[in-house]
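We name chains A, B, ... by the order of the sequence lines, and we start the count at 1 in each one. Because only heavy atoms are used, hydrogens play no part in the values below, and waters and symmetry mates are left out as well, while side chains stay in.
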Number of protein chains: 2
Amino acid sequence: MSNSKLYKGSLNTIILKLLNEQDKMYGYEITQKVKALTKGELNITEGALYPALHKLEAEGLLDVEVAKVDNRLRKYYKLTETGTKETANKLNELAEYIKTMQALVSPKLA
Amino acid sequence: MSNSKLYKGSLNTIILKLLNEQDKMYGYEITQKVKALTKGELNITEGALYPALHKLEAEGLLDVEVAKVDNRLRKYYKLTETGTKETANKLNELAEYIKTMQALVSPKLA
DNA sequence: ATATATACATAATTTTCTTATGCATAATTT
DNA sequence: AAATTATGCATAAGAAAATTATGTATATAT
């Protein structure tokens, strides 16, 4: 995924946020989109991505829809209503995390 | 540690940064300092902290010095030279992580 | 006397990721 | 034509980092 361990725990947030923007995406598309958006910084591995998608689906945050394009399989994922709410939560948590970490590493007023 | 999973992977960064400021600290002190700095947001658990300190010591990033205060044991940790360098790396990685995540969740120019 | 705070530690389990495979089709390169 | 790379899914074994649950011990507050 990256040389830094900090990305641990942020995969779900990334997936949900992308699906919040793009409406529907398939797995491989997510890996490519993340690579592009981060200029190669972040490479989501398949071993992390697919189990994560399956779990989000099992939890009712994602719906899946199978399609066949160019004789190849694609599984399109999209947010459920619950998934949309959870996306908002995750983004708040990320903002909170960043604020907290900045307070810890640059404690200007502490 | 927190309701958010995002803190996974950031414990070492937190420990190293605190020791970079405070010169030397003992485990319990670290948990209290973090709680105070984050206004209760982040509570480092002992099961996470002590193994982490032992590992950082084993890797040569921390030196330990045992003291007895009020008849109670304290293990003071401080950065080694290598530890100081690694602290700088970790802080760069954190800044990089925050930048990357912001590019992912608020892709203004994408 | 009892509970809370201080101070360390480890073991079992869970979560999340990496690494290694595996299958299959399409497109590109040699 | 053959081989490689890209597209697209999936899972299993193992590692890493945390949670949760204990355990020991002293000091302080109720």
Pick base, sugar-phosphate or nothing for [X], based on heavy-atom distances below 4.0 Å to the nucleic acid.
X: A:Lys55; answer: sugar-phosphate
X: B:Glu46; answer: base
X: B:Gly47; answer: base

Practice problem: Between A:Arg72 and A:Ile44, name the one whose nearest nucleotide on DNA chain C is closer to the 5' end. | Solution: A:Ile44

Round to the nearest Å and state the distance from [X] atom [atom1] to [N] atom [atom2].
X: B:Lys75; N: C:dT6; atom1: NZ; atom2: C1'; answer: 16 Å
X: A:Leu73; N: C:dA26; atom1: CG; atom2: P; answer: 13 Å
X: B:Tyr28; N: D:dT26; atom1: OH; atom2: P; answer: 17 Å
X: B:Lys68; N: D:dA27; atom1: NZ; atom2: C1'; answer: 13 Å
X: B:Asn3; N: D:dT19; atom1: CG; atom2: P; answer: 12 Å
X: A:Leu6; N: C:dC17; atom1: CG; atom2: C1'; answer: 14 Å
X: B:Lys35; N: C:dA7; atom1: NZ; atom2: P; answer: 13 Å
X: B:Leu49; N: D:dA17; atom1: CG; atom2: P; answer: 14 Å

[X] side-chain proximity, nearest of [options]:
X: B:Ala48; options: D:dT19, C:dA9, C:dT6; result: D:dT19
X: A:Pro51; options: C:dA9, D:dT11, D:dT26; result: D:dT11
X: B:His54; options: D:dA10, C:dT10, C:dC8; result: C:dT10
X: A:Lys8; options: D:dA16, C:dT10, C:dC8; result: D:dA16
X: B:Tyr50; options: C:dT16, D:dA10, C:dT10; result: C:dT10

Quiz prompt | Pairing partner of D:dT24 (Watson-Crick or G-U wobble, both distances under 3.5 Å) | solution = C:dA7

Quiz prompt | Assigned partner base of C:dT29, Watson-Crick or wobble definition, under 3.5 Å | solution = D:dA2

Quiz item: To the nearest 0.5 Å, how far apart are CG in A:Leu79 and CE in A:Met25?
Solution: 11.5 Å

Quiz item: Closer than 4.0 Å, any side-chain N/O of B:Tyr26 to the OP1 or OP2 of C:dA7?
Solution: yes

Quiz item: Does A:Asn71 put a side-chain nitrogen or oxygen below 4.0 Å from OP1 or OP2 of C:dA26?
Solution: yes

Self-check item: 5' precedence on DNA chain D between A:Tyr76 and A:Lys5 (nearest-nucleotide basis)
Solution: A:Tyr76

Practice problem: Nearest-nucleotide wise, let me know which of B:Met1 and A:Glu29 is further upstream toward the 5' end of DNA chain D. | Solution: A:Glu29

Strictly distance-based, threshold 3.5 Å: is any side-chain N or O of [X] a donor or acceptor partner for the main-chain N or O of [Y]?
X: A:Lys8; Y: B:Lys8; result: no
X: A:Thr80; Y: A:Gly60; result: yes
X: A:Asn12; Y: A:Gly9; result: no

Practice problem: Would you check, one step at a time, whether the test side-chain hydrogen bond (donor to acceptor under 3.5 Å, both in side chains) holds for A:Tyr77 with A:Glu29? | Solution: CA-CA 11 Å; A:Tyr77 290 92; A:Glu29 187 184 9; over 6 Å; no

Quiz item: When hydrophobic residues are tied together by side-chain contacts of less than 4.5 Å, even through go-betweens, does A:Ile30 share a cluster with A:Leu73?
Solution: no

